[in-house]
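Shown next, in structure tokens, is the structure this report addresses.
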Amino acid sequence: MSEAYFPVGPGLGPEENFLSLDDILMSQEKLPGRAESALPRLAFALGQGAGTGDSIPEGSKLEIPLWLAKGLHDSKRRIISVELPKIYKEAWRTVFSADANVVDLHKMGPYYYGFGSQLLNFDNPENPEIAQTILQTFISRFRRIMDSSQNAYNEDTSALVARLDELERALFRAGQKGLNDFQCWEKGQASQITASSLVQNYGKRKFTDIDG
């Protein structure tokens with residue numbers, strides 16, 4: 001029987017993929033912000049009013065879902081302003097640059113890489129530093145994640161997996177599956193080794209970029 005849902009990977013960039021469950025969940029993560037003008041009929045939706053017709057006064061502090069913050073953000077009209085979540089601020093960027101492997105990314109934010117990439121949509125002078133920290137964090141943690149996934153049968157990796165963001169968990173599962181498929185092939189239990197879905201999706205995306 002065919003699967004009812006074929007997993008779709010996250011967008012991994014400033015624009016999310018609305019066919020991806022991970023991106024849909026990530027877009028629900030909230031940003032601290034401020035209403036730069038009155039917001040009619042939005043108080044109830046943001047949990048700040050009792051009725052659907054209530055408005056949010058100018059200057060109010062907000063906790064805004066990412067998808068709504070992107071929709072309301074307009075640098076010319078100044079409808080709302082957003083603040084950086086603490087894990088993307090300078091103090092935490094210093095921690096990441098010192099040793100990114102010590103940080104419990106899942107506790108700080110289960111979509112650290114995807115959410116951080118989305119923050120680049122907002123006009124913030126710290127965007128270059130945020131982007132650089134996200135990239136360097138991924139690079140510094142990647143090898144340990146993949147090494148652990150390849151030794152999953154010889155050690156307990158539950159503590160490591162618990163500290164990974166959702167993208168890192170997907171990479172860990174891909175590493176485990178690759179190891180398991182290789183061992184099955186080596187024992188003659190599989191006819192051939194196939195490329196992982198992550199590699200296949202990357203190849204399709206690369207060819208699409210070339211065609212464009």
Side-chain angles (χ1 to χ4, degrees), residues 4-89 92-93 103-135 137-138 164-171 197-198 201-202 204-205 208-209 212:
Y5 171 74
F6 293 94
V8 177
L12 297 180
E15 296 302 325
E16 60 264 63
N17 184 342
F18 288 105
L19 296 178
S20 167
L21 291 179
D22 281 331
D23 275 2
I24 292 172
L25 293 172
M26 180 266 293
S27 71
Q28 300 294 328
E29 295 286 309
K30 293 185 178 181
L31 274 170
R34 180 178 182 274
E36 299 295 341
S37 60
L39 303 176
R41 297 183 297 278
L42 277 180
F44 183 76
L46 295 176
Q48 296 193 13
T52 56
D54 292 348
S55 299
I56 294 178
E58 179 182 347
S60 300
K61 291 187 176 181
L62 306 170
E63 288 287 330
I64 320 169
L66 174 64
W67 64 267
L68 182 57
K70 288 178 65 177
L72 292 176
H73 179 69
D74 188 324
S75 57
K76 295 180 180 179
R77 295 178 58 193
R78 296 288 293 173
I79 299 174
I80 64 166
S81 59
V82 297
E83 301 174 10
L84 290 177
K86 65 178 182 179
I87 196 170
Y88 300 101
K89 291 183 178 180
W92 272 99
R93 295 202 301 267
V103 182
D104 185 341
L105 276 192
H106 203 268
K107 180 180 179 180
M108 299 302 297
Y111 299 98
Y112 170 76
Y113 299 105
F115 196 72
S117 297
Q118 294 293 311
L119 292 178
L120 304 180
N121 285 293
F122 303 100
D123 301 324
N124 190 306
E126 297 180 57
N127 277 354
E129 289 80 9
I130 294 171
Q132 182 66 20
T133 298
I134 292 173
L135 175 61
T137 296
F138 181 80
L164 305 182
D165 114 308
E166 292 299 326
L167 173 61
E168 293 175 335
R169 289 184 176 189
L171 290 171
S197 59
L198 286 175
N201 289 336
Y202 174 77
K204 292 177 183 178
R205 190 174 303 168
T208 301
D209 293 339

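- Counting only distance, with no hydrogens or angles, the side chain of Arg93 and the backbone of Tyr88 share a donor-acceptor pair below 3.5 Å.
- With rounding to the nearest 0.5 Å, the separation of CD in Glu166 from OH in Tyr112 is 15.5 Å.
- Taking 4.5 Å as the limit, some side-chain heavy atom of Leu66 sits within range of a side-chain heavy atom of Met26.
- Atoms NZ and CG, on Lys30 and Leu68 in that order, are 10.5 Å from each other to the nearest 0.5 Å.
- Taking both residues in full, the closest heavy atoms of Phe122 and Asn127 are given as O-ND2, 2.9 Å, listed atom of the first, atom of the second, then distance.
- Across all non-hydrogen atoms, the minimal contact from Met108 to Val103 is CG-CG1, 4.2 Å.
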Point to revise | side chain to side chain donor-acceptor pair (under 3.5 Å) between Glu36 and Ser81, intermediate numbers included | key: CA-CA 7 Å; Glu36 299 295 341; Ser81 59; 2.7 Å; yes

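- With rounding to the nearest 0.5 angstrom, the CG atom of Leu84 is 5.5 Å from the CD atom of Glu126.
- Panel note: side chain Thr133, backbone Glu129; a donor-acceptor pair is recorded below 3.5 Å.
- Here CD of Glu63 is found 11.0 Å from CD of Glu29. Values are rounded to the nearest 0.5 Å.
- Across all their heavy atoms, Val82 and Ala69 have their closest contact at CG1-CB, 4.3 Å.
- Remark: side-chain polar atoms of Asp165 are not paired, donor with acceptor, to backbone N or O of His106 under 3.5 angstrom.
- Heavy-atom minimum distance, Ser117 versus Ile134: N-CD1, 3.9 Å.
- Within the 4.5 Å cutoff, no side-chain heavy atoms of Phe115 are placed close to those of Pro110.
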**Study point:** Working for side chain to side chain donor-acceptor pair (under 3.5 Å), residues Tyr111 and Gln118
**Key:** CA-CA 10 Å; Tyr111 299 98; Gln118 294 293 311; over 6 Å; no

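- Closest non-hydrogen pair, Ile64 versus Gly33, comes out as CD1-CA, 4.5 Å.
- A donor-acceptor pair is defined here as one N or O able to donate and one able to accept, closer than 3.5 Å; no such pair exists between the side chain of Asn124 and the backbone of Leu119.
- Between Pro57 and Ser60 the shortest heavy-atom distance is O-OG, 2.8 Å.
- Side-chain atoms of Pro85 and Leu31, non-hydrogen and from C-beta on, do get closer than 4.5 Å to each other.
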